[in-house]
> 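This is the structure I have questions about; it appears just below.
Only heavy atoms go into these numbers, but all of them, side chains included; no hydrogens, no water, no symmetry mates.
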Amino acid sequence: MVFDDVIKELGEFGPYQRRLMVLVLFPQILFALQQMVPVFILSEHSHRCNYDNRTTNLSNTPDVQSLSTCDVILHYNETNTTQTEACSSWTYDTTQLTSSPISDFDLVCEDKILRTHASMAFLGGNLAGALVLGFVGDTFGRKPVVCFSIIFLVFSSIACMWSNNFYMYVIMRFLSGSGSNIASMKIIAIEMVGPSWRALAGISTEIAFCVGEVILCGLAYYIRDWRYLQLAISAPGVILLLYWFVLPESTRWLLSRGRTEEAYETIRKMAKVNKKPMPKHLDAKPPINQKSHVGFKEIAPLLRSRKHFIRWLINMVLWFVLATSYYGLTFNVGKLGGNVYLNFLIFAVVESVGAIVTLYLNNRFGRKLLNSLALFLTCLLSVVSLLASMYVEDENTRRWILISSATLGRMSVSGDFANVFIFTSEMFPTSIRSFAVATANISGMIGATVAPYIADLGRLVDSRFGAALPYVVFGALAMVAGVMSLVLPETLHKKLPEDMNDIKISVTDHSKRLAIIKLSDSKITAEPRTQFTMVNLGSKGRSP
């Protein structure tokens, strides 16, 4: 008896799973608050040179000829000389922001590039967390990884508000990013529900992320001091410290490691909460999918199989392209013109619409088709932006075309991000699922890191084509990823594979067209439209 069969008897999405989803969704909201706060506090803070604090070696008093944001031009009447002095201090406008890291650490003029580094610190920490924590989730379990990440997130995000210099701020942001790598929590949600509810379990986390963005927009609008804002978005995270006592370990993972007593205890709790009887097959506690594999030991077969190795690489390409497009649009929201709060709110609402549409279509058209269509739509929107940048002369018309394309692109990419997480989780077995998601997440974080630099490619070419160059890159990447994803298998309504033996199965073209493939440890059952066929694959798991 496989675990998917047990879930169907106990309830695919009963009260137990619904309570678990509440535990999974709350951290997603806090993660959105931490990740997106740079949009408001690091994008821009109006300032001017503080002339009163200037220094000069000339004895006579100059007249100010011109005052700018980075230097002051001084004209000396008696000597008829002009001198330009770089600003040593600045006065900051307090009508929009009373304080920000820009004003506290003087991240202006020649130090303006430090803003980008500060924004990337969080993503760099997320990448480091994926490198370190993501790989151990298959060996030590999903729950320890989640709880360790929470400790990093809570304490570093609160400590960030007391940063007294730029370097402390960057370090705290880096540690917060490391703690925000809670992909293992989403894996728990997917592994603990039935096949028909996996789309909801995965995509609802994206909707919760959008809720966090809307909350952040409201908090940032009313709290204009960045330290108080940081406290407001970090303090609720203290609740997460209780997760060690209330968050269950993935039953699939426990079974994959042979820890059947703990797994059966979770199953009994699920049956009690869902008000379902224990399956009769479990009365004598037979081994359900009992394995003794260690996650790292199953990575080798993945790398040796050309077919599965290519699938693994394609998944990393998908995550790279989606992250590049998503963050390229997100962190440039302030450059679209207009009110940054309104623009961000529109993007958040559109992103939630994209997630809801994806949820509606996912179980109808499948993961594979939906993914390819989203990438092709992103490519098409990039072409529209490219043509508008090069050939539309009216500046106002061009601006609205670019905003519309960016908004629809954000909806498409964010919806597909949720879809691809489910796609990747269903494609690889429990024994290496954390490894597959972690490596894909690493690829995505690399894409997020290079996204701002791709967006700035236009500065290298001083022409209309230069302004369109980023759209060429984004469109080409989306097209390549969309074509590559067509070779991936569809995973809709398939049982989650437990180990590599479950995915080392190939079928004939006739079976692909007419059969629904159901996987188990040693058999494949094909259910054609008119008859049942049982095929014994033998110990090597090869198809006839």
> Given side-chain hydrogen bond (donor to acceptor under 3.5 Å, both in side chains), test Ser156 with Ser176 step by step and report yes or no.
CA-CA 5 Å; Ser156 58; Ser176 296; 3.1 Å; yes
> Report yes or no: does Ser178 contribute a side-chain atom to a donor-acceptor pair with the main-chain N or O of Gly125 at less than 3.5 Å?
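Such a contact is found between Ser178 side chain and Gly125 backbone.
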> Are Arg259 and Glu249 close enough for a salt bridge, meaning some N to O gap below 4.0 Å?
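Looking at Glu249 together with Arg259, the answer is no, because their closest N to O distance does not fall below 4.0 Å.
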> If only atom types and distance count, is the side chain of Tyr243 paired as donor or acceptor with the main-chain N or O of Leu23 below 3.5 Å?
yes
> Ignoring hydrogens and geometry, is there a side-chain-to-backbone donor-acceptor pair from Lys368 to Leu486 under 3.5 Å?
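Yes, Lys368 side chain to Leu486 backbone: donor-acceptor pair under 3.5 Å.
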> Are any of the side-chain heavy atoms of Pro236 and Leu30 separated by less than 4.5 Å?
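Yes; the side chains approach each other to less than 4.5 Å.
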> Any luck finding a side-chain donor-acceptor pair between Ser485 and Ser372 under 3.5 Å?
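Side-chain D/A pair, Ser485 to Ser372: present.
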> About how many Å separate CZ of Phe13 and CD1 of Ile7, when rounded to the nearest 0.5 Å?
11.5 Å
> Compare every heavy atom of Ala159 with every heavy atom of Met172, then report the nearest pair and how far apart it is.
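Here Met172 and Ala159 meet closest at SD-CB, 3.7 Å.
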> Could you pull out the closest heavy-atom pair between Ile422 and Arg198, with the gap in Å?
CD1-O, 3.8 Å
> Just by modelled atom types, is the Arg367 backbone N or O under 3.5 Å from a matching donor or acceptor in the Glu490 side chain?
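Side chain of Glu490 to backbone of Arg367, a donor-acceptor pair under 3.5 Å: yes, one is there.
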> Would you compute the distance between atom CG of Leu318 and atom CG of Leu375 and round it to the nearest 0.5 angstrom?
6.5 Å
> Should Leu231 and Ile223 count as side-chain neighbours, where that means a heavy-atom distance under 4.5 Å?
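Not in contact.
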> Please report the C-alpha distance between Leu373 and Leu377 in whole Å, then the side-chain angles of each, then the deciding distance to 0.1 Å, and finally whether the side-chain contact (heavy atoms from CB on, under 4.5 Å) criterion is met.
CA-CA 6 Å; Leu373 290 177; Leu377 176 59; over 6 Å; no
> Decide yes or no for Thr205 and Phe31: does some side-chain heavy atom of the first lie under 4.5 Å from some side-chain heavy atom of the second?
no
> Between Thr378 and Ser325, what is the shortest heavy-atom contact and its length?
CG2-OG, 4.4 Å
> List the steps and the verdict of side-chain contact (heavy atoms from CB on, under 4.5 Å) for Val321 and Val480.
CA-CA 9 Å; Val321 172; Val480 170; over 6 Å; no
> Got a donor-acceptor contact below 3.5 angstrom from the Lys143 side chain to the Trp244 backbone?
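Here the side-chain-to-backbone pair exists.
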> To check you understand the geometry: which heavy-atom pair defines the closest contact between Gly444 and Ala323, and what is its length?
O-CB, 2.9 Å
> Taking the side chain as C-beta and beyond, is there a heavy-atom pair between Val450 and Phe320 under 4.5 Å?
yes
> Minimum heavy-atom separation for Ala355 and Glu206, please, with both atom names.
CB-CG, 3.8 Å
> Supply the atom-to-atom distance Gln230 CD to Leu33 CG, rounded to the nearest 0.5 angstrom.
10.0 Å
> Could you tell me whether Phe376 atom CZ has more than 12 heavy atoms of other residues or ligands within 6.0 Å of it?
yes
> Can you tell me if Arg142 uses its side chain to pair, donor with acceptor, with the backbone of Ile188 under 3.5 Å?
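Here the side-chain-to-backbone pair does not exist.
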> Between atom OG of Ser204 and atom CG of Leu25, what is the distance when rounded to the nearest 0.5 Å?
4.5 Å
> Pair Ser414, Glu351 - check side-chain hydrogen bond (donor to acceptor under 3.5 Å, both in side chains), show working.
CA-CA 6 Å; Ser414 60; Glu351 184 176 346; 4.6 Å; no
> Please examine the side chains of Ile314 and Ile310, heavy atoms only from C-beta on, and report whether any two atoms are closer than 4.5 Å.
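Touching, per the 4.5 Å side-chain cut-off.
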> Ring-plane angle category for Phe435 and Trp312, please: parallel below 30°, perpendicular beyond 60°, tilted otherwise.
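Ring orientation, 0 to 90° scale: parallel.
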> CD/Glu191 to OG/Ser425 distance, rounded to the nearest 0.5 angstrom?
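One finds 8.0 Å between CD of Glu191 and OG of Ser425.
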> Quick one: sort the Phe40 and Tyr341 rings into parallel, tilted or perpendicular, breaks at 30° and 60°.
parallel
> What residues, two or more places apart in sequence or in another chain, satisfy side-chain contact (heavy atoms from CB on, under 4.5 Å) together with Cys379?
Ala478, Met479
> Just verifying a value: how many Å separate Leu492 CG and Arg364 CZ, rounded to the nearest 0.5 Å?
11.0 Å
> Using modelled atom types and a 3.5 Å cut-off, is there a donor and acceptor pairing between side-chain atoms of Glu9 and backbone atoms of Met278?
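Here the side-chain-to-backbone pair does not exist.
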> Are Ser163 and Arg173 close enough that some pair of their side-chain heavy atoms sits under 4.5 Å apart?
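Heavy-atom side-chain distance check fails, nothing below 4.5 Å.
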> Between Arg115 (side chain) and Pro38 (backbone), is there a donor-acceptor pair under 3.5 Å?
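Side chain of Arg115 to backbone of Pro38: no pair is present.
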> Examine the side chains of Asn315 and Thr424 and answer whether a donor and an acceptor come within less than 3.5 Å of each other.
yes
> Could you check whether the rings of Tyr326 and Phe209 sit parallel, tilted or perpendicular, using 30° and 60° as the cut-offs?
perpendicular
> Output, in order, the C-alpha distance, side-chain angles, deciding distance and verdict of side-chain contact (heavy atoms from CB on, under 4.5 Å) for His117 and Met120.
CA-CA 5 Å; His117 299 336; Met120 292 299 104; 5.8 Å; no
> Any chance the side chains of Asn274 and Gln17 put a donor and an acceptor closer than 3.5 Å?
yes
> Do Met192 and Tyr16 have side chains that approach each other closer than 4.5 Å (heavy atoms only, starting at C-beta)?
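SC-SC contact between Met192 and Tyr16 confirmed.
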> Restricting to non-hydrogen atoms, name the atom on Asn441 and the atom on Asn126 that form the minimum distance, rounded to 0.1 Å.
ND2-OD1, 3.7 Å
> Pair Leu42, Val37 - check side-chain contact (heavy atoms from CB on, under 4.5 Å), show working.
CA-CA 8 Å; Leu42 285 175; Val37 71; over 6 Å; no
> Verify whether one side chain among Ser234 and Gln34 offers a donor that lies under 3.5 Å from an acceptor in the other.
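Judged by distance alone, the side chains do pair up.
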> Is it true that a side-chain atom of Ser443 and a backbone atom of Thr439 form a donor plus acceptor pair closer than 3.5 Å?
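The answer is no, because no donor-acceptor pair under 3.5 Å joins these two groups.
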> Taking the side chain as C-beta and beyond, is there a heavy-atom pair between Trp226 and Tyr169 under 4.5 Å?
yes
> Mark yes or no for whether Ser412, through its side chain, and Gly409, through its backbone, hold a donor-acceptor pair below 3.5 Å.
no
> Would you say the rings of Phe421 and Phe417 are close, in the sense that their centroids are separated by under 6.0 Å?
no
